[in-house]
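Comments concern the structure below.
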Amino acid sequence: MRKLLVLIALMASLAAATAAGASAQYGRGAVYQVELSMNIPGKQGGGIWLWFALNQDGTGDYAGSDCGHGGQGAASDKGDVTWTRVGDQIVISGVTYNGIPTNPMIGDFAPFAPTITVPAAYGHYTGVDDTYTTLPGWIPSGVGFAQLQVAP
């Protein structure tokens, strides 16, 4: 019985140490977590789904995907970003949409580099497709919808 109690205590200590290490590795110094979902319905529509961790020093990272329904399907998006607070907004730079081309109408299939602008206050927000992200000019404004969560 004593060996069982020692084993249980050892396992509990190991679990606590592992959990503390994992939480310390991700998000050290993070002041914002931002989740953005933007969708344009229909067979020629598409979407963007991104998650950001923004650190106190103006750096951060993101991961997610984007796609155009008429194109090649979903493409992975991830990398490092920078951000700054401008008034009551957060402006995030360094994002690339790999599945949404800059302008396929003129043969420019390069990935699009948007600017993401979100409220600096924690909360849940809704809007149209380009409320929180710039989009290529060939995508009309207001044809889709967006959901945004800004959290600590």
Worksheet item: Can you tell if the side chain of Q33 reaches within under 4.5 Å of the side chain of Q149, non-hydrogen atoms only?
Response: no
Worksheet, complete the sentence: Rounding to 0.5 Å, atoms CG (L148) and OG1 (T131) come to a distance of 9.5 Å
Worksheet item: Less than 4.5 Å apart, any side-chain heavy atom of S141 and any of D130?
Response: yes
Practice prompt. List the atom of P101, the atom of P136, and the distance in Å for their closest heavy-atom pair.
Written response: O-CG, 3.6 Å
Item to complete: Measure the shortest side-chain to side-chain distance between F145 and D129 over non-hydrogen atoms and say whether it is less than 4.5 angstrom.
Response: no
Worksheet item: Step by step, would you call M38 with Q147 a side-chain contact (heavy atoms from CB on, under 4.5 Å)?
Response: CA-CA 6 Å; M38 189 282 296; Q147 299 283 325; over 6 Å; no
Worksheet item: So do the side chains of S93 and V95 get within less than 4.5 Å of each other, counting heavy atoms only?
Response: no
Discussion item. Give me the atom names and distance for the closest heavy-atom approach of N98 to A75.
Written reply: C-CB, 3.8 Å
Worksheet item: Are side-chain heavy atoms of W51 and V34 found at a separation under 4.5 Å?
Response: no
Worksheet item: Do any N or O atoms from the side chain of D61 and from the backbone of D80 form a donor-acceptor pair under 3.5 angstrom?
Response: no
Fill in: Common cluster, W138/L135, ILVMFWY with side-chain heavy-atom separation under 4.5 Å
yes
Response to the item:
The reported gap from OG1 in T117 to OH in Y132 (rounded to nearest 0.5 angstrom) is 11.0 Å
Practice prompt. State yes or no: do V31 and Y62 share one hydrophobic cluster built from I, L, V, M, F, W and Y residues joined by side-chain heavy-atom distances below 4.5 Å, directly or via other members?
Written response: yes
Worksheet item: Which heavy-atom pair separates K78 from A63 by the least distance, and what is that distance?
Response: CB-CA, 3.9 Å
Fill in: OG1 on T133 to CG on L50, rounded to 0.5 Å
7.5 Å
Item to complete: Using atom types as modelled and distance alone, determine if a side-chain donor or acceptor of D108 lies under 3.5 Å from a backbone N or O of A110.
Response: yes
Worksheet item: Can you tell me how far the CD atom of E35 sits from the CZ atom of F52, to the nearest 0.5 Å?
Response: 10.0 Å
Discussion item. Is there a path of hydrophobic side-chain contacts, each under 4.5 Å between heavy atoms of I/L/V/M/F/W/Y residues, joining I100 to V143?
Written reply: yes
Worksheet item: Do L54 and V81 pass the side-chain contact (heavy atoms from CB on, under 4.5 Å) test, and can you show the C-alpha distance, the side-chain angles, and the key distance before you say yes or no?
Response: CA-CA 8 Å; L54 304 178; V81 296; 3.9 Å; yes
Discussion item. Before you tell me yes or no, could you show the steps for Y97 and C67 under side-chain contact (heavy atoms from CB on, under 4.5 Å), namely the whole-Å CA-CA distance, both residues' side-chain angles and the distance that decides it to 0.1 Å?
Written reply: CA-CA 8 Å; Y97 295 153; C67 76; over 6 Å; no
Fill in: Transitive ILVMFWY side-chain link Y125 to Y122, under 4.5 Å
yes
Worksheet item: Is the closest side-chain heavy-atom distance between V91 and I116 below 4.5 Å?
Response: no
Discussion item. Rounded to the nearest 0.5 Å, what separates atom OG1 in T59 from atom CG in D57?
Written reply: 3.5 Å
Worksheet item: Can you tell me how far the CZ atom of F112 sits from the CG atom of D66, to the nearest 0.5 Å?
Response: 11.0 Å
Fill in: CA sep, side-chain torsions, deciding dist, call: W83, Y32, ring pair (Phe, Tyr, Trp, His ring centres under 6.0 Å)
CA-CA 11 Å; W83 68 276; Y32 292 102; 5.6 Å; yes
Worksheet item: So, do T96 and D77 sit near enough that their side-chain heavy atoms are less than 4.5 Å apart?
Response: no
